[in-house]
Amino acid sequence: MELLLQTLANGLLIGAGYALIAVGLTLVFGILGIVNFAHGAYFALGAYSVLIAANLGVPYLLAVPAGMAIVLAAALLTEPLVVRCVQSGESSHGFLIVTFALSQALTALMLLVAGPNPQPVGSPFAAISLSLFGIVFAGQRVLILVVSVLVLAGLGLWLKSSVRGRQVTAVAQNPRGALYTGINVPKIRRLSFLVGVGAAGLAGGLLAPISSVFPTMGNASLITSFIVVILGGMGSITGSLLGALLVGIANALFETYVSVSWTPALGWSLVIVILLVAPQGLRGKALKHRY
Amino acid sequence: ADPIKIGLVMPFSGPAAAYGIEARQAAELAVEEMNAAGGVVGGRMLRVVYEDDKGTPQGAVGATQKQISVNRVDAIVGGMGSQLALAQASVTNNRILYVNSAAQAEAITEQGNKWLFQINNTTNMNSAAFNKYVISTMKPKTVAFIGENTEFARPLLNILKRDLAEAKIELVNVSLYDTETNDFTSIITRVRSLNPELVYVADGAPARLVQFWKQARQLGGFRAGAVTPGVVTPTVLKASEGAMDGVISGDIFSASDSAPETQSFVKAFRKKYNADPGKVHLVVYEGVKVIAGAMEKAKTSSNYAALAQAMRENAWNTPRGTLRFDAKGRAHAPYFYIQRVKGASLELVSRWQN
Amino acid sequence: MLRVDAIRAAYGKVVALNGVSIEVNEGEVVAILGANGAGKTTLLNAISGVVPITHGDISLDGKPVHGLKPWRLARLGLIHVPEGREVFPAMTVEENLRVVDAIGDGPEFTVDSVLDMFPRLRERFDQAAGNLSGGEQQMLAIGRGLMARPRLVLFDEPSLGLSPLISKFVLSTIAALRSKGVASLLVEQNMRAALKVADRAYVLRVGRVVKHGPASDMAVAQDMREAYLGA
Amino acid sequence: MYVSDVVKIAEHARVVRPASSLAVAVAVAASAVTKRYGGIAALKGIDLAIEEGEIFGIIGPNGAGKSTLFDVLCGIVQPTSGEVQLFGRSISGMQPHEVARLGVARSFQRTAVFAEASVSQNLCFAWHRMSGHSVLGRLFHSRHWHRDQEACQDRARHILEITGLWEDRNRSASVLAYGVQRRLAVGVALMTDPEILFLDEPAAGMDDHDSAGFVDLIRRVAPGRTVVLVEHDMTVIRALCHRCLAMADGRPLVSGEPLDVLQHPEVVEAYLGAEDA
Amino acid sequence: MSFKDNLNRTPFAPVLAGVIFIGAYGLVVEDPFLLTLGGYTCALALFALSINLMLGGVGEVPLGQSLFFGLGAYGVGIGMKKFGLSYEGGLLAGAVVAATLSLAIGNLTLRLTGAYFSIVSWGLASVAVVVALNMEHFTGGGMGLFALPPMYLTGLDLSQPVLYFYLAAAMLTGAVVLLVAVRDSRFGYALESVRQNRHLASALGIDVFRQRLKAFVLSAVLAAVAGALSVPYTQIVTHESLGIGITIDALLMVLLGGVRWLYGPILGALVFSVVPFYLELDVNVRMFVFSVAIILIMMLVPNGLHQCAQALVSRLKGVRNVRI
Ligand SMILES: Nc1ncnc2c1ncn2[C@@H]1O[C@H](COP(=O)(O)OP(=O)(O)OP(=O)(O)O)[C@@H](O)[C@H]1O
Ligand SMILES: Nc1ncnc2c1ncn2[C@@H]1O[C@H](COP(=O)(O)OP(=O)(O)OP(=O)(O)O)[C@@H](O)[C@H]1O
Ligand SMILES: [Mg+2]
Ligand SMILES: [Mg+2]
């Protein structure tokens, strides 16, 4: 019983982390139609930024926002590259190549500057762990859960009930129509790219103390985020939360009770099964017009 | 005279890039020392030429091919992984002298490849020593195995299973996780709930090893002894920030061995890089040194039959003592080290005579 | 209020507008007529900043607006109700209306007043816009345009796909907007109906204005035929 | 007053139905067709019998269910209840392409063309489904293949001419003016030489000249086919249709001769508005 | 210009040019590195063609195409090591398995589109990796299958660099001829119309799902053959051949070369496999430079390198292509 509860708690906490990483990916896809392969690289960049700030003596809780600011600056610089390729090209797959190359370039840059070795990031929460009825909650993970809930709820609220947020959705669905409606489409795109990438940076900074920092740390997270985003339905915030919790808890249960070596197949199998039943994911919306 | 070129084929990009960089450091140090001592084969200088194998077999083949036909190197040092070593060996076979520095699968040296040599112990050799220590000195009643699901950890598991069965020790858990895993909470939870007397962790990637131990500590750690064979490098120690305290490691090399040949290597390395050398440093350093030594002895850089003969027939003085190669090209060193992690360093527990 | 002076616009080598000049005065309804491919849509797109122009000038209230992006023009009270409706398909009718910043300085329209105008939309209030019928989408597009509180609306074939009854209603609405001080530039295929509500009209043929004048003078069949087709 | 070509043609050349048929076969039959989307009933019971060779018009206010009816008749949407028969064969459970292969072509209310292809390629796509060569045929019967290509081009040229698209044949479909795209959509449908042609507001967005041309075109191609069209342009309906159906709110309102239908008071009230009557 | 001039009367001319180039390359080049690299490049180009059949032909991004590449490689590996088949037998077995599996997979997944299809296909390939890792006695687990017996194709020894190059190039040429025929056939037209507008296509009587499935199966077989052709080069079959990395490489080749052009992937493969080997830079600098160069190329010629060639040709012909 205790093992089950602990496992469920683990799943929940891990899922919260997944959600935080995935939400930026889903946002950028939903609004720009871009599957951002560089998401993992921005995630790693967030972690490195926190590392640098921490090395300069900035306390962790300040280093995280500082790191996020650095990532935002990087996003601002790279945004024209990525967003420009949305419209140009006949194949409409140009973004694949651009975001992928961007991820390689960023990773190479991090390798060149910081070297390949994993480096530790300290956090005051890393040392704490709460124990409730014999169930252990690692402090840093609880922090992530809290931030994740706040960020997701904030984003969801923003998209749903502010005019600017609705405009973000509008641009996602019909940029041309948005242009005619007097919406500043490039600005909205930039905004959503920044928010998406910023969330990745934040996630990187928060997860760094758990995993330590190295240039390819984003790869695994990228895969999980893809699973989560697709499960939930691309572009849906509640969807990615659902997807993240589902994957987190399912993985935890499977690893504890069934098999570790088959776990990587579990997330994918979930995706495959769920999409065959619901082709738009759990909360995705079809964007098609009638003919 | 023309310089002698030694080709280093290593992963410089991708997840294993850390090893490539370490390999480069070691090779540079070795070459520097040799050149400072006047070069080899009549004063020819040594030069290292690098190619990236990206950590994939395809990449390894391309890089090795290029080393041979474009860069025209005289010998190749590679093998940062068994698949890579096999791929590289398929290209070098009968064409050039090839030294597999780090990969330890038995199969690499079973192919009947005359000009292939291996510096690291094979998995069997490593496990024989390490498991003996675990079983006869630590005497656990129950053991849990956790490791990456790759050609690195699987053979270790198989041998461990056999040895534990012989000693009637129960193996209560086996968790082989994917290399993309970055969260070990569930595995740790499960193992904690089983409460084994010993936890055996086999992971060849420094970043993951660090993650594992940090997460284990956050969840309260194990109430048991823990061992991990082979890969506790200085990088790992630094990044783990004490999360690995008390972990026992068995390795072919210990920087804290007081033997003079070890200490002179460690000192030279510290001087150049201001850090302790790890195992990867050692095997690549030895690989380069042994090749150069064989060239000097055989007075040739391209007669591979003669070079191979020289390699086999001589004993090589290296940082870990006197090294000999057997008929299959495997190196045999005098000692095996059992060490314990303490803070950011390893303390020597015992040195086993092989 | 709006002055378009000898503008030229081209898609690559295809010149779609070749020196077009038109004018819309305060509170006026001006019709643009012309055959398919004459360049009417391109003209509206050029005015609203969607298609760049290579020559000529456009000014709004005497200020040059040439090169301004659509969202800047919306701020100045110019809104374009485009060809092809361009609604947001997965958003509901309500969200489609509420997405608009009421940034213009024209008369106010609320969601309610739009729904009053098109009761059909009220019945479909919570439905995804992509599932609406063609005519319902057209109503939505018009309503959405008005929500931005424009003083000048560019209508590109607003009656397209509307039933005769509703299209009459839409045209009379455009006429009624005039009395609220909202000017319209109206592209229509239904020439007769358009000329009924318009004050003045221009006829476009292959990118040029070939005829213009008060609407009442325009309705001479033979002239129009020539103007349209260059017979 | 500018008298459009349409009106002129309408005056002295009403299409005469092929009189030969005493017992005319029914091409399109719908019985008690309903369609619900959640709470919305788009069709509330439609019965329909369109005879072979007929040009049949459907009119009705926006949202009356005309396009939905088309979707049901073409198998794109499965009705909630009721049945559709084409040439006496029930199409329930058939995929849209299977229905199309019965000899049905349609145009859509939202213009649908192959946007990345040129106008003439658009037509070739439509043709190849029926007559193109297989992969092996391409490899081993090169001569036949070339002949095929020429046959395709001949037919395409014919369509280009009758739809007035010849000038635009090499332009990409996506850059055409709206009205021209509508013509292309009709041309693509015609390229398959359908026995039943469903046209959803084909003349919407066409100028008077083009819609006159369109009326002409339909008259030209109508013999031997059944044409069903939805239109909001009453001139077109009057000029073309043998019979027509007025719908409102998912139900049939009136059907019969176009002139009668258009003068029916309910139709005038719900659809046309007083003045046009 | 008459309407008929649109007809391309010499669709096989580029193939002929290619054959001449291949012949010359094999004769002139003696360096085994360049020859084997040439052969491997042909295998990669074949894989890129298979990807482009999905990307340019069906309009989906097949992130999991490596599944079939890996099947081809494992077909040879398992066939030769575990069943004592010849190389040809292994190749054939891999292709047949790939065809069967793709039929089954396609039936399930081709109902999805866009990112959903891409990710599910990636998922399947990832599951295949897990299977390959865990079914140790069959696949060799993490170590893979190695020490394969000598490989012969049509009696020719593939360990000879020249022969390997020629045979791989011949397979590639065959695939190109097949794809040209596909493009000009009823199937090719149907596929193209489905890609551009599936609603219209189905209203014209085209069975959308079937066309997509046919293309998927064909691309799977091509990928499997490519995978089999890569084995004489790598000499070891590992789970890497099933992994996303190889798909991404091939995707980059396709996009770099140009999606809308049949030969684009081949051009891309050439650039991709040759250029990095000759960028004499520190590896990480090289990776950085190469990635940035790719981004720049995509900014300048968003439709791939063939756009440059096209612009040049039309400049020469005095025609300017108009696009906005
Ligand atoms: N994106 C484009 N690229 C190239 N040419 C275009 C593009 N859009 C329009 N054109 C061309 O410009 C000319 C004018 O087109 P426009 O759409 O302005 O005509 P229109 O008067 O609105 O016609 P319609 O009444 O059919 O809507 C046409 O010849 C058209 O083919
Ligand atoms: N997929 C759908 N989901 C929900 N409602 C739908 C759907 N399709 C159609 N409807 C509704 O059914 C009604 C009939 O639509 P339909 O498109 O058939 O009308 P129509 O007669 O063609 O109108 P118009 O003349 O404006 O084109 C509309 O009110 C529409 O909102
Ligand atoms: Mg227009
Ligand atoms: Mg309709």
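Lettering follows sequence order; numbering is per chain, from 1.
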Review point. To the nearest 0.5 Å, what is the distance between CG (E:L34) and OG (B:S69)?
Key: 7.0 Å
Review point. Are any of the side-chain heavy atoms of E:I236 and B:Q83 separated by less than 4.5 Å?
Key: yes
Check your understanding: Can you name the nearest heavy-atom pair linking E:F146 to B:L86, along with the distance?
Key -> CD2-CD1, 3.4 Å
Check your understanding: At a heavy-atom separation under 4.5 Å, does B:A63 approach chain E through its side chain, its backbone, both, or neither?
Key -> backbone
**Study point:** Between E:S230 and B:Q58, a side-chain donor and acceptor under 3.5 Å
**Key:** no
Check your understanding: With respect to chain E, which residue among B:G62, B:S82, B:S13, B:S90 yields the maximal number of heavy-atom pairs within a distance under 4.5 Å?
Key -> B:G62
Review point. Are side-chain heavy atoms of B:N149 and E:E136 found at a separation under 4.5 Å?
Key: no
**Study point:** Distance-minimising heavy-atom pair for B:P57 and E:T238
**Key:** CG-OG1, 3.5 Å
Exercise for review: Mind checking the CG-CD spacing from E:L37 to B:Q65? Nearest 0.5 Å is all I need.
Suggested key: 8.5 Å
Study note, to complete from the structure: The reported gap from CD in B:E180 to CD1 in E:I244 (rounded to nearest 0.5 angstrom) is 10.5 Å
Study note, to complete from the structure: Bottom line for E:L133: the part with an atom under 4.5 Å from chain B's heavy atoms is both
Point to revise | Flag side-chain contact, heavy atom, 4.5 Å: E:M143 against B:P155 | key: no
Point to revise | B:E110, CD atom: more than 12 neighbouring heavy atoms under 6.0 Å | key: yes
Point to revise | Nearest heavy atoms of B:E151 and E:G142, plus distance in Å | key: OE1-O, 3.5 Å
